[in-house]
Amino acid sequence: MELRGKIRPQAASGGVAEQHVSQPGTPPPPPSPRGNVLGGSECGRELARAASWRTLKQAEATKRKYQASSEAPPAKRRSKTSFLPAKKTAKEAQRTFKGKPQKTFSPKKSSAGTSDRNQEQKPCVKTSSLFKNNPEIPELHRPVVKQVQEKVFTSDAFHELDLHPHLISTINTVLKMSSMTSIQKQSIPVLLEGRDALVRSQTGSGKTLAYCIPVVQSLQAVKAKIQRSDGPYALVLVPTRELALQSFDTVQKLLKPFTWIVPGVLMGGEKRKSEKARLRKGINILISTPGRLVDHIKSTGNLHFSRVRWLILDEADRILDLGFEKDITVILNAVNAECQSRQTVLLSATLTEGVTRLAGISLHNPVSISVLDESHDQSNPKGKAVLEVSPPRTSDELDSFAIPESLDQHVTLVPSKLRLVSLAAFILQKCKFEKDQKMIVFFSSCELVEFHYNLFLQTLLSSSGAPAPGQLPSASTRLKFLRLHGNMEQEERTAVFQEFSHSKTGVLLCTDVAARGLDLPQVKWIVQYNAPSSPAEYIHRIGRTARIGCHGSSLLILAPSEAEYVNSLASHKIKNPVPLAPRKFESEPRSCRRYLKITCTPMRGGSPGQRKA
Ligand SMILES: Nc1ncnc2c1ncn2[C@@H]1O[C@H](COP(=O)(O)OP(=O)(O)OP(=O)(O)O)[C@@H](O)[C@H]1O
């Protein structure tokens, strides 16, 4: 992917980048050997043609003006590079970019009453080699992978299960669901039998209800009616605050007919005092992030676990990894000290046997529940969901992750210096020029999210609608940016989560805080601007789209040096993402090409920090 020519930004705040490559009328440069997947070389050439016209016109106008008034033009306008023919320009521009002071770039002396300070603020023109001298992009080697696939829905209805009629009618009328998903059909009866279980099924396949329904069914049936003051009967641990809120919402809906059972949520960022008060009154189904529960175990005297019957670890592989290990140990010790027997359920789309070993969790004779499609499971020719008692399947199968069938994966190799413009172009293409698009873009750190959020607000949005003089028209129509990361205040995090959940369109820039478990409806595109830390995280990130049978797409942006990453995905039987096909100039919307110029504007100031945990 190579965009030809030099860009010559008019670097005033938000100014439009200009290409300066050839005289109008000269033939366009030869096509790049590789197309640009994100609007690439063709857009670059178009940009170059348009910009060189404009530059030349401006230069001629300036020349005429000063010739007419027999005044010398300002030094900056006299810039030699502005009048150079194409061949010379690149060389000249390179010299300029290296920062050699040129007479032509010295600040103009005040001649019309403008102060020196104002003049200083006018940035000098630098020429970037953004679209030139890019490295050769290697061919993407894509090993053949037999993707593990799962069937999402069954034809079986909830009323076929032995559930309380009010619970069934709540599922039907409040949640508006009638038939079970495969994982629900397999899990609910087994969990109602009282077995410990490892539940694994692809993202967006309904695992939340697979554990919530048995919990509610069993607690409503407790003979001596549950009292609020009894404290927790069920503990649900989840890795993030947003997921805690989401799970709480589901439990709350299921409990509508069983008003004597009280659910509650504890999570970092909330006021400890009010949480303590709620704990004192009593919470029967307690949903929490591990850290905040540990806080309360240590500081809230009246939190007792003697009645705990259920311990649920949703996104168990995440909860049990090193980051949460200490917290989980404290929680398990506290629960084990007070309650003798309980049912433990671990769920995730990427649950491996290693996870349970790592945790040292006392699962008692656990059942492993997973769903595999017939076409990829020779031992299961009828394609029925597979239910197994531990130890489950081969390690190869355990390390294979399923991806929703309706999810189209893509990958693109982009040289580092073109990453930003490529991302901006992609966002514009999808969310500005196509209808009703909702997109999540993952970054590796909070700082990167902040940097890109502020950058895109400044460059891709304009509140006024009418373009300011010298600026391109606004790209604000249908384009809305939101951000979510761990350094934000909880109040804002919750508001953003709610807003994006309910919105039909928008671009959410986020860290992995949004990668696990979040059910954000109608998301069409997942973009990974930085490669995820592991294949499991890849699965969870892309799993924010194509949920419960819907269609969705993902794009992984890699540097050429990261091309090997697709092999590590393949080793987990993750179907290779398809390299994005080169785009043709004719197929680029004209409007998109125009807006691309905005995305080429280099920003002043420091570059964003790289990876932060
Ligand atoms: N039986 C069902 N019929 C229709 N929709 C369902 C059913 N069960 C769950 N859903 C919906 O499917 C979506 C995904 O469910 P859920 O969040 O539980 O998936 P998950 O398997 O936990 O995903 P992840 O692995 O990403 O956490 C939710 O919007 C949920 O309301």
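The analysis underlying the following values was restricted to heavy atoms, covering all of them including side chains, and did not include hydrogens, waters or symmetry mates. Counting begins at 1 with the first residue of the sequence. Counting starts at 1 for both ligands and their atoms, following the listed order. None of these values were measured; they are calculated from a predicted model.
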>> Between E270 and R292, does any side-chain N to carboxylate O distance fall below 4.0 Å?
In response: no
> What part of H540, side chain from CB on, backbone N/CA/C/O, both or neither, has a heavy atom under 4.0 Å from ligand 1?
Replying inline: neither
> Who's the nearest protein heavy-atom neighbour of atom 14 (C) of ligand 1, and how far?
Replying inline: D519 OD1, 3.5 Å
> Is the closest basic N to carboxylate O distance between R200 and D317 below 4.0 Å?
Replying inline: no
>> Using side-chain contact (heavy atoms from CB on, under 4.5 Å), reason through L293 and D327 one step at a time and then give a plain yes or no.
In response: CA-CA 8 Å; L293 185 57; D327 291 342; over 6 Å; no
>> Once you restrict to heavy atoms under 4.0 Å, what part of T208 touches ligand 1? Side chain, backbone, both or neither.
In response: both
> What atoms in ligand 1 come closer than 4.0 Å to a heavy atom of Q202?
Replying inline: 21 (O)
>> Could you work out, for atom 27 (O) of ligand 1, the closest of K207, R516, E315 by heavy-atom distance?
In response: E315
>> Checking a contact table here: which protein heavy atom is nearest atom 19 (O) of ligand 1, and how many Å away?
In response: G206 N, 3.2 Å
> Which residue and non-hydrogen atom of the protein lie closest to atom 17 (O) of ligand 1, and at what distance in Å?
Replying inline: R547 NH2, 3.0 Å
>> As an exercise, identify every atom of ligand 1 less than 4.0 angstrom from a heavy atom of S205.
In response: 19 (O), 20 (P), 21 (O)
>> Applying side-chain contact (heavy atoms from CB on, under 4.5 Å) to L479 and I427, what does each step give before you reach the verdict?
In response: CA-CA 9 Å; L479 199 53; I427 291 173; 4.2 Å; yes
>> Among all the protein's non-hydrogen atoms, which is closest to atom 6 (C) of ligand 1, and how far away is it?
In response: M177 CE, 3.4 Å
> Of the protein's non-hydrogen atoms, which lies at the shortest distance from atom 23 (O) of ligand 1, and what is that distance?
Replying inline: G204 N, 2.8 Å
>> Can you report which non-hydrogen protein atom sits closest to atom 8 (N) of ligand 1, along with the distance?
In response: Q184 NE2, 2.8 Å
> Quick one: which ligand 1 atoms are inside 4.0 Å of a heavy atom on F153?
Replying inline: 2 (C), 3 (N), 4 (C)
>> Run the side chain to side chain donor-acceptor pair (under 3.5 Å) test on Q202 and S205 for me, step by step, so that the C-alpha distance in whole Å, both residues' side-chain angles and the decisive distance to 0.1 Å come before the verdict.
In response: CA-CA 6 Å; Q202 67 190 18; S205 58; 5.7 Å; no
>> Out of all atoms in ligand 1, which are within 4.0 Å of some heavy atom of F158? Include the element for each.
In response: 1 (N)
> Between F426 and W525, is the ring centre distance below 6.0 Å?
Replying inline: yes
> At under 4.0 Å between heavy atoms, which part of S179 makes contact with ligand 1: side chain, backbone, both or neither?
Replying inline: backbone
Could you pull out every donor-acceptor pair under 3.5 Å between side chains of residues 249-257 and any protein atom, sequence neighbours left out?
residue: D249; atom: OD2; partner: K253; partner atom: NZ; Å: 3.3
residue: T250; atom: OG1; partner: Q246; partner atom: O; Å: 3.2

>> Working note: I213 + F158, criterion side-chain contact (heavy atoms from CB on, under 4.5 Å); need CA distance, chi angles, decisive distance, verdict.
In response: CA-CA 10 Å; I213 290 174; F158 283 103; 3.6 Å; yes
>> How far is atom 12 (O) of ligand 1 from the closest protein heavy atom, and which atom is that?
In response: I548 CD1, 3.3 Å
> Of all the atoms in ligand 1, which lie at a distance below 4.0 Å from a heavy atom belonging to R544?
Replying inline: 26 (O)
> Can you name the residues that form a side chain to side chain donor-acceptor pair (under 3.5 Å) with T240, not counting sequence neighbours?
Replying inline: none
> Run the side-chain contact (heavy atoms from CB on, under 4.5 Å) check on N530 and L448 step by step: do they pass?
Replying inline: CA-CA 10 Å; N530 305 112; L448 279 173; 3.6 Å; yes
